[in-house]
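None of these values were measured; they are calculated from a predicted model. Every chain is numbered from 1 and lettered A, B, ... according to where its sequence line falls, protein lines coming before strand lines. Side chains included, hydrogens not; waters and symmetry mates left out as well; all remaining heavy atoms used.
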There are 2 protein chains.
Amino acid sequence: MTDPSGQSPRERYRVQVREEVKRHAWEQIATAGVPALSLNAIAKQVGMSGPALYRYFASRDELITELIRDAYRSLADTVHEAAGDGADLSRLAWTIRDWARADPQRYFLIFGTPVPGYHAPDDITAISSEVMAVLLDASAATSLNRAAATTKRTPLDIHLDIHRDWVGDHPATGETMRRALLFWTRLHGILSLDLAGHFTGMNLNPDLLITEELTALRGR
Amino acid sequence: MTDPSGQSPRERYRVQVREEVKRHAWEQIATAGVPALSLNAIAKQVGMSGPALYRYFASRDELITELIRDAYRSLADTVHEAAGDGADLSRLAWTIRDWARADPQRYFLIFGTPVPGYHAPDDITAISSEVMAVLLDASAATSLNRAAATTKRTPLDIHLDIHRDWVGDHPATGETMRRALLFWTRLHGILSLDLAGHFTGMNLNPDLLITEELTALRGR
DNA sequence: TCGCTGTAGTTAGAACCTATAACGCCAGCC
DNA sequence: GGCTGGCGTTATAGGTTCTAACTACAGCGA
């Protein structure tokens, strides 16, 4: 995460402790969710008593924000790595699925229930844009079926030609934007419902849903 | 919600107070999310002091479970009503969108971040099945394009023919099941990301995404 | 090498929270 | 019309976040 090299001994120690705190925080979140995260409990686990932890994190919210940042960073790094060796949407989907499954609560920290007033800091939304950029790349790298070209333009197509704000300076066509967007919403729909347990007892294989959506996305 | 008629005066009063408590609980949740929900604060709002509220709800978790139940019930009633006058998937989608937008936190109470250990009571999963049944009805009532029939069977199609557990005794074809499922995951993907604010700043109209998915679902 | 300084730890305590216990009162039931 | 049980109270235990005041020592500069 944060590079401890090239710092003063004090800085190094500080970074080390912060990292250890976050490790324990992730454990707590994984087993009992964010609401159960207790600074007190963490402090005892790392061997200090209560308020000492506030030397490292100004508040519970700051710790959580840091965890959200790390989660985004992890996702961005993961998709970057997959994109490194030229990934299309299919490859990307399975990568994201694996990443989500590895720690469902981490996934929900990003894509789960929002806190009504909360607004993410700019550097976090910047990481989110990174992910979107990779998505657009993968979308552009994914070939279409023959039949796809013939379909007529939808209201969404027109809308995306006009409103290109979120692609930034990415040279994406409307079609590329469209597929990236639908890829995102569809994959999230499946992963979210699956990880939240809404498929339990249905005897349903979520991977087949992903496969289905991937072929659907090729054929328009 | 709960019918106060035909009960003893004590029962009637009890139901009334419980309902008032839940009203205040929903307000708190809507403005600050579930974690901020405080029994103490609610008790003061309804004019009683702290522990008195435990006469009506055994614990905070029980209150929340009750709210989840009411949320499911509300969703089921809403889709039932829409289905009453023969709704197809399109009609259903806008109905659910409106219901979700009316109280995003209510939506996330059902479809948001899960609590790792939590297992919903049977009567709640029963309501969930009700919703699925309406979805299957609407799916069956939605006509397909001509081109759709010619497409070859996917792994999902085969899977759904074998694993029909979740449809219960509903006489749904594999194609009906498939569309109901994809409708659910796709709509949830869009609504969830939208309500969580992941589209903010993107200058994107989520309704167009829904429209796009609805036409896509007709054409297979 | 020495002394200063600021960081990191301590305990105490305020202000919340959930939840239980013990007790009183009075409305509704028989 | 009396009994009883449900509803309210306060007190209390144990949990939380977070601030304040204080101490000790490690690292930094001279």
Which of the following nucleotides, [options], is nearest to the side chain of [X]?
X       : options                : result
B:Pro51 : D:dC28, D:dG8, C:dA21  : C:dA21
A:Ser49 : C:dT10, C:dA19, D:dT16 : C:dT10
B:Ser59 : D:dC7, C:dT7, C:dA19   : C:dA19

Between atom [atom1] in [X] and atom [atom2] in [N], what is the gap in whole Å?
X       : N      : atom1 : atom2 : answer
B:Leu39 : C:dC17 : CG    : P     : 10 Å
A:Phe57 : D:dT19 : CZ    : C1'   : 19 Å
B:Arg18 : D:dG8  : CZ    : P     : 13 Å
B:Leu37 : C:dA19 : CG    : P     : 11 Å
B:Glu11 : C:dA27 : CD    : P     : 18 Å
B:Arg12 : C:dG28 : CZ    : C1'   : 12 Å
A:Tyr54 : D:dT16 : OH    : P     : 11 Å
B:Leu53 : C:dC17 : CG    : P     : 12 Å

Subject >> Below 4.0 Å: OP1/OP2 of D:dG15 and any side-chain N or O of A:Ser38 >> reply: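 For D:dG15, neither OP1 nor OP2 has a side-chain N or O of A:Ser38 closer than 4.0 Å.
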Subject >> Closest-nucleotide ordering on DNA chain C, the 5'-leading residue of B:Arg55 and A:Arg14 >> reply: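 Closest to the 5' end, via its nearest nucleotide, is A:Arg14.
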**OP:** Could you say whether B:Asp61 or A:Gly47 is positioned toward the 5' end of DNA chain C, judged by the nucleotide with the nearest heavy atom to each?
**Re:**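 Looking at DNA chain C, the more 5' nearest nucleotide goes with A:Gly47.
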**OP:** State plainly whether the residues A:Arg14 and A:Glu11 are in salt-bridge range, i.e. N to O under 4.0 Å.
**Re:**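 Salt bridge absent between A:Arg14 and A:Glu11.
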Original post:
When we call it a touch if two heavy atoms are under 4.0 Å apart, what does A:Pro9 touch: a base, just sugar-phosphate, or nothing?
Top reply: sugar-phosphate
**OP:** Remember a base hit wins even if backbone is also touched, and classify A:Arg60 as base, sugar-phosphate or nothing at under 4.0 Å, heavy atoms.
**Re:**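 If one applies the 4.0 Å heavy-atom cut-off, A:Arg60 turns out to touch the sugar-phosphate alone, with no base involved.
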Subject >> Aromatic ring pairing B:Phe111/B:Trp184, orientation class (parallel under 30°, perpendicular over 60°, tilted between) >> reply: perpendicular
Original post:
Around atom CG of B:Asp169, are there more than 12 heavy atoms of other residues, nucleotides or ligands at under 6.0 Å?
Top reply: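 It does not: B:Asp169 CG has 12 such atoms or fewer within range.
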**OP:** Please determine, by modelled atom types, if A:Asp137 and A:His170 share a side-chain donor-acceptor pair under 3.5 angstrom.
**Re:** yes
Subject >> Separation between CE of A:Met202 and OG of B:Ser129, rounded to the nearest 0.5 Å >> reply: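 One finds 9.0 Å between CE of A:Met202 and OG of B:Ser129.
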Original post:
If you find the nucleotide of DNA chain D closest to B:Met48 and the one closest to B:Arg10, which residue's nucleotide is nearer the 5' end?
Top reply: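 Nearest nucleotide further toward 5': that of B:Arg10.
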